[in-house]
Each structure stands twice: as C-alpha cells, then as structure tokens.
Engineer: 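I am attaching a structure below and will ask some questions about it afterwards.
Scope of the values below: all heavy atoms of this structure, side chains included, with no hydrogens, waters or symmetry mates. Note on naming: letters A, B, ... go to the chains in the order of the sequence lines (proteins, then strands), and numbering restarts at 1 for each one.
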Amino acid sequence: MKLATWNVNSLTVRLAHVLDWLAANPVDVLALQELKLTDDKFPHAAFAQAGYSCQCFGQKTYNGVALISRTPAWAVVKNIPGFDDDMARVISATFTLSTAPAEYSANESSLRNLNKGLRVICAYFPNGQEPGSDKFEYKLAWLDGLRAWLRTELQTYPNLVLMGDYNITFDDADVWDPEGMRDQIHCTDEERYHLQALITLGLVDAHRLFAQPPKSYSWWDYRDMAFRRNRGMRIDHILVSNALKTLVTACHIDKTPRKNERPSDHAPVVVDLQDPPRA
DNA sequence: ATGGCTAGGTTTCCTAGA
C-alpha cells in the first residue's frame with residue numbers, strides 16, 4: 001500500500017500535474033494541502049475518471065485539504081475536534097486495507113470495531129509567518145490542539161498515519177542553511193519542541209527510517225533559483241504510529257514534479273506500507 | 001539587499017506563503 005502527501009499550492013493551477021503524477025504513481029491514498037478553492041469548485045469528475053474518489057475540505061483563497069483514494073473513505077472528520085478554527089486545515093478518514101476481506105470493507109463500524117482499517121490524517125499546519133507574531137501564537141495554539149486530539153486518536157486508531165505540510169523542520173539536517181535559518185520560522189526551538197512532542201505521543205518519522213540522499217528537502221522557494229541550487233527545507237512529513245513502524249518498507253521525496261512548468265513549491269512525499277496483521 | 005517568485009482577490013496593488 002502506498003500513501004503520499006503533496007502541498008499543491010492551488011489545485012486549480014496544479015490539477016493537471018496531480019493527475020499526471022497519479023497516473024505515474026498510482027498511490028492508494030494521496031493527501032493534498034493548499035487547495036485554495038471551495039468545495040463546490042473541487043474537480044471530483046477529473047479524479048473519478050482517474051479511478052479516485054475524494055473527500056475535500058476547502059476554503060476560498062487559502063488553505064483547503066483533501067484525501068484522494070482508490071477505496072472509499074470512512075468516518076470522515078474535518079479539522080481538529082475540540083479546537084475551534086475558522087481555517088480548513090485538517091481532514092481525516094479510515095481506509096480499508098488492500099488485503100482486507102471484502103466483508104470488512106462493508107461498513108464503517110466493521111472497520112473501527114475490527115481494527116481492520118488505516119486511519120489517515122491529512123494536515124496543513126499553520127505557517128506561523130514570524131516568531132512572536134500573532135500568526136506564530138496561532139501556530140502554537142493549533143499545535144497544542146492537534147496534540148491533545150492526537151493523544152486520543154492514537155488510542156482509538158492504533159494504525160494511524162499523520163501526513164502533510166507541517167511547516168516545521170525536525171533539526172538542522174532538514175535545512176539547507178541552518179545558520180541563516182537559526183531561530184527563524186520553521187526552525188525555532190518552540191516549533192521543534194511541538195514536533196518532537198508528536199513523536200513522543202507514539203509516532204515515527206517515516207523518512208528517517210531509511211537511508212536518504214544528503215540534503216533531502218520537500219520545499220524550495222520559488223525565488224533565486226532555489227530548486228536548482230537545492231536550497232530547500234524538509235517541512236512535509238509522513239509520521240506513522242508505532243504499531244505501523246515495522247511495516248514501512250520505503251519512504252522517499254519525489255522531486256520530479258518540481259521540475260515541471262509552473263510547479264508547486266513543494267514536492268510529494270511517498271511512503272510504502274505493508275498491511276498490518278489482522279487482530 | 002527585509003528584496004528575490006507565485007497565487008488569488010479586493011486586481012494594476014494587496015495579503016500570504018515559507
């Protein structure tokens with residue numbers, strides 16, 4: 001089973017890129033961020049033609065997230081329960097495992113009660129703009145809300161994947177210029193503390209389970225030929241629950257679509273996962 | 001150098017991204 005996450009920076013502009021990428025990389029679930037469109041504008045028909053169904057949580061101009069999948073999504077939840085937010089940043093759903101018997105895909109309660117499903121959370125973490133700003137305070141409050149909710153989600157769904165645009169680097173290895181970015185947005189101790197706190201809840205960074213090329217990044221600024229010079233940061237992550245850790249067989253960042261005409265500034269991150277054993 | 005692109009809306013400049 002393959003899962004991927006991609007901040008597309010406007011699905012309106014990037015729809016053809018996403019469809020091309022899915023044709024070449026037929027993942028089971030694709031998490032999209034920064035749709036920048038409302039639900040009524042979501043291109044369901046184009047994805048249906050490619051064999052995918054979609055759960056979307058859109059917003060005009062900013063934010064917006066979606067889960068694109070080959071199998072139906074169950075128990076869809078939008079945003080973080082318990083955290084009041086007027087931005088569309090999170091969408092979650094349970095998916096049938098590819099090897100699950102047909103009867104387990106029959107309905108939502110069987111997935112939940114028999115623990116045969118995979119819970120997937122697609123998240124677009126706040127940018128934060130600048131340490132000390134109102135948006136930074138919002139980012140920290142949002143991270144508090146996410147952690148409180150995840151604590152219980154992990155109890156409900158042991159097989160859980162949290163993927164998306166985190167807008168946080170783990171450490172200096174995720175930054176092309178650690179000295180220049182020290183204490184800057186995405187690289188502050190406070191943000192990294194929050195990211196580590198998610199790990200402490202019982203999640204692991206799929207990327208670091210494997211040997212990766214040096215200077216592996218998922219985002220490059222549009223300016224100053226940053227992609228060509230590989231001046232980027234790794235801020236898009238796939239975290240899997242501890243129960244899934246030994247089932248992850250690969251994880252990579254696909255830089256190919258960043259070479260397109262009019263690319264997103266982010267690249268997709270892809271994880272390969274074996275099905276969890278049946279309880 | 002507080003700039004350098006890109007996208008969307010309030011559109012010929014503004015906010016926001018990261």
Engineer: Donor-acceptor pair, A/Asp39 side chain versus A/Gly58 backbone, under 3.5 Å?
Structural biologist: yes
Engineer: Rounded to whole angstrom units, what separation is found between the CZ atom of A/Arg229 and the C1' atom of B/dC5?
Structural biologist: 14 Å
Engineer: Quick one: is B/dA16 close enough that its OP1 or OP2 comes under 4.0 Å of any side-chain N or O from A/Thr61?
Structural biologist: no
Engineer: P atom, B/dC14 versus B/dG3: distance in rounded Å?
Structural biologist: 12 Å
Engineer: Does a nitrogen or oxygen in the side chain of A/Asn167 sit under 4.0 Å from OP1 or OP2 of B/dA18?
Structural biologist: yes
Engineer: Among B/dG8, B/dG4, B/dG9, which nucleotide sits nearest the side chain of A/Arg223?
Structural biologist: B/dG4
Engineer: In whole Å, I'd like the distance from the CZ atom of A/Arg192 to the C1' atom of B/dA18.
Structural biologist: 14 Å
Engineer: From B/dG17, B/dG8, B/dT10, pick the nucleotide closest to the side chain of A/Lys36?
Structural biologist: B/dG8
Engineer: Taking atom types as modelled, is there a side-chain donor on A/Asp254 or A/Trp6 under 3.5 Å from an acceptor on the other?
Structural biologist: no
Engineer: Tell me whether the OP1 or OP2 atom of B/dA7 has a side-chain N or O from A/Arg262 closer than 4.0 Å.
Structural biologist: yes
Engineer: Do A/Arg234 and A/Phe170 meet the cation-pi criteria used here (NZ or CZ under 6.0 Å from the six-membered ring centre, within 45° of the axis)?
Structural biologist: no
Engineer: What nucleic acid atoms does A/Tyr124 come within less than 4.0 Å of, heavy atoms only: base, sugar-phosphate, or nothing?
Structural biologist: sugar-phosphate
Engineer: Would you say a side-chain N or O of A/Lys135 is under 4.0 Å from OP1 or OP2 of B/dA16?
Structural biologist: yes
Engineer: Quickly work out the A/Asn260 CG to B/dC5 P distance and round it to whole Å.
Structural biologist: 20 Å
Engineer: Using whole Å, report how far CD of A/Gln33 lies from C1' of B/dA18.
Structural biologist: 14 Å
Engineer: With a 4.0 Å limit, can you tell me whether A/Lys60 has a side-chain N or O closer than that to the phosphate oxygens OP1/OP2 of B/dA16?
Structural biologist: no
Engineer: Name the residue closer to the 5' end of DNA chain B, choosing between A/Thr12 and A/His266 according to the nucleotide with the nearest heavy atom.
Structural biologist: A/Thr12
Engineer: Checking all strands, does A/Asp236 fall into the base, sugar-phosphate, or nothing category for heavy-atom contacts under 4.0 angstrom?
Structural biologist: nothing
Engineer: What is the separation between atom CE on A/Met233 and atom P on B/dA18, rounded to the nearest whole Å?
Structural biologist: 9 Å
Engineer: CE of A/Met87 versus C1' of B/dG17: gap in Å, rounded?
Structural biologist: 12 Å
Engineer: On a whole-Å scale, what distance lies between the C1' atoms belonging to B/dC5 and B/dA18?
Structural biologist: 12 Å
Engineer: Think A/Asn127 has a side-chain N or O under 4.0 angstrom from the OP1 or OP2 of B/dA18?
Structural biologist: yes
Engineer: In whole Å, what separates the P atom of B/dT10 from that of B/dT15?
Structural biologist: 14 Å
Engineer: Just by modelled atom types, is the A/Tyr217 backbone N or O under 3.5 Å from a matching donor or acceptor in the A/Lys255 side chain?
Structural biologist: no
Engineer: In whole Å, what is the span from the CG atom of A/Asn63 to the P atom of B/dG17?
Structural biologist: 7 Å
Engineer: Would one find more than 12 heavy atoms of other residues, nucleotides or ligands at under 6.0 Å from atom CZ of A/Arg228?
Structural biologist: no
Engineer: For B/dC13 and B/dG4, measure between their P atoms and round to the nearest Å.
Structural biologist: 15 Å
Engineer: Between B/dA18, B/dG17, B/dA7, which one does the side chain of A/Arg89 approach most closely?
Structural biologist: B/dG17
Engineer: Between B/dG17 and A/Asn7, is there an OP1 or OP2 to side-chain N/O distance shorter than 4.0 Å?
Structural biologist: no
Engineer: Would you mind classifying the nucleic acid contact of A/Gln184 as base, sugar-phosphate or nothing, using non-hydrogen atoms under 4.0 angstrom?
Structural biologist: nothing
Engineer: Step by step, work out the side chain to side chain contact (heavy atoms under 4.5 Å, CB included) result for A/Phe95 and A/Asp28.
Structural biologist: CA-CA 9 Å; A/Phe95 297 94; A/Asp28 297 284; over 6 Å; no
Engineer: A/Tyr222 has an atom OH; how far is it from atom P of B/dG8, in whole Å?
Structural biologist: 10 Å
Engineer: Which residue, A/Arg14 or A/Asp265, contacts DNA chain B at a nucleotide closer to its 5' end, judged by nearest heavy atom?
Structural biologist: A/Arg14
Engineer: If you measure from the P atom in B/dT6 to the same atom in B/dT11, how many Å do you get, rounded?
Structural biologist: 23 Å
Engineer: Indicate whether the side chain of A/Asn7 and that of A/Glu34 have a donor and an acceptor atom separated by less than 3.5 Å.
Structural biologist: yes
